[in-house]
Each structure stands twice: as structure tokens, then as C-alpha cells.
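To start, the structure under review is shown below, and the notes come after it.
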Amino acid sequence: MESHPVAKAVRQRRTVYRFRPGPLPDGLIEEMLEMASHAPNHKHTQPWRFVVVRGQAIARLADLRVELQRQRAAKDGKPVGDLAAIRAEVEDAAAVVYVLQAVVEDEKRRQEDYASCMMAAYALQLVAWEREVGVRWNTGQLTRKEAVRSFLGCRDGEEITCCLLLGHPEEIPPDWKRRPLQEITRYIE
Ligand SMILES: Cc1cc2nc3c(=O)[nH]c(=O)nc-3n(C[C@H](O)[C@H](O)[C@H](O)COP(=O)(O)O)c2cc1C
């Protein structure tokens, strides 16, 4: 199976949590975004919008992440934690790609559009993996706060679905154990 490139990438891809600093090859982000836009998409609504944070804006996003951490700690009355490590999570990334969803009223369409945005994010992650670029998927502080929306210049009707931190892998985490197929599959014949 793993002589087939798609299967190989699907099987071997890991979320990368630590990056070596350094720029990505020119044009690679655009190539990955183009591939992401080939994700399956019911009714061809193309709900995804991408915002790429890179260059000097990475340091500004890292500042914002640290500020959000301070605010959260103050609100919860908890220690602020290791701010240098929190900053490095963002600052070591070569780029951060935000996947936004252009939301519509219709609930079913909204759900299907969200699924397409997630598939676009996954496609990007797989293509990145194949090019030895690591991706950390994030749906935490970096995606939930109004201050982040303003930083990104989100427009009315755009919701942040996730952000993908991209960079040169410092370390590839080990694989994790999946439930056996027979436990999660039923056949009707
Ligand atoms: C929808 C979604 C949201 C995620 N959010 C986060 C997150 O906020 N922070 C994080 O560290 N990882 C996040 N991840 C990464 C998962 O934790 C990761 O995929 C999981 O640990 C399995 O590891 P693997 O990707 O190497 O198979 C997210 C993944 C998905 C699919």
C-alpha cells in the first residue's frame, strides 16, 4: 500500500509541534493553497478563504498570542505559564495559514462548507508533508478571539475554522495507536 504516494502520505503524516526556524521555498505556500482549493466541495460553494501570516507579521502574531495568554491567566486567576515557549510556538513557524469559512444562513450548507474547509486544511497538510514541511493544526487561542479576527482583517460573514502553523520539522512525533478495524467497522452484505 505504501508504494502508493497518497496512501504513504496519509499513513506517515504527523502533526509537527516543533519547528526549526527558516523560510519556506518561494511559491510553496501558493502551491499548497492551490492544492487545498481542490478539496471536495458540495455545490462548489468554495467556502474557504485563506489568510497567510508570514514575514514580520509572524512576530506580531506571536506578540498577540502572548497577550492573549496573559489575559486568560488574569481572567482565570492562574499562573501565566511559560511565555517564551508560547511565543516560540508561533515565532518558530515560517508561516501561519488561516482557513476561514464564508458562512451562509442555511444550516446544512454551513455544515457541508465547514467539512470542505477541513478537507482543504487536510489537503494542505498532506501536500506540505510530501514537501517535508510540517504543519501544526490549531483551534485554540489563535483562532477564537476577537483580537485575532481584527489582526487578520476578517470580513463580515467570515469565520475562522482553524490555523495551520507551517515550518521545517524539528522533530516528528511518533505514531499513535488506532483502534482495530474490526472494532469500528460493521459490514452489511
Ligand atoms: C480539527 C482539529 C483541531 C485541532 N486542534 C489542535 C489544537 O488546537 N492544538 C494542537 O496542538 N493540535 C490540534 N490538532 C492536532 C491534533 O491534536 C492531532 O491531529 C492529533 O494529536 C493526532 O496527531 P497526528 O496529526 O500526528 O496524527 C487539531 C487537529 C484537528 C483535526
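Whatever order the structure lists them in is the order used to number ligands and atoms, beginning at 1.
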From CA spacing to verdict: salt bridge (Lys or Arg N to Asp or Glu O under 4.0 Å), Asp63, Arg87: CA-CA 7 Å; Asp63 287 343; Arg87 171 181 295 282; 2.8 Å; yes
Is Glu132 paired with Arg20 through a side-chain N to carboxylate O contact shorter than 4.0 Å? no
Side chain to side chain contact (heavy atoms under 4.5 Å, CB included), that's the test. Do Glu170 and Phe19 meet it? Break it down for me. CA-CA 5 Å; Glu170 171 82 282; Phe19 301 117; 5.6 Å; no
Would you say that Glu159 contacts Leu100 through its side chain, given a criterion of any heavy-atom pair below 4.5 Å between the two side chains? no
Under 4.0 Å from ligand 1, counting heavy atoms only: the protein residues, by chain and number: Arg13, Arg14, Thr15, Tyr17, Arg136, Trp137, Asn138, Thr139, Gly140, Trp176, Arg178
Verdict with supporting geometry, Asp113 and Val103, side chain to side chain contact (heavy atoms under 4.5 Å, CB included): CA-CA 8 Å; Asp113 283 350; Val103 293; over 6 Å; no
Run through the side-chain heavy atoms of Ile, Leu, Val, Met, Phe, Trp and Tyr, join any pair under 4.5 Å, and report what else lands in Tyr114's cluster. Val6, Val10, Leu24, Leu28, Ile29, Met32, Leu33, Met35, Trp48, Phe50, Val52, Val97, Val99, Met118, Tyr122, Leu124, Leu126, Val127, Val133, Val135, Trp137, Leu164, Leu166
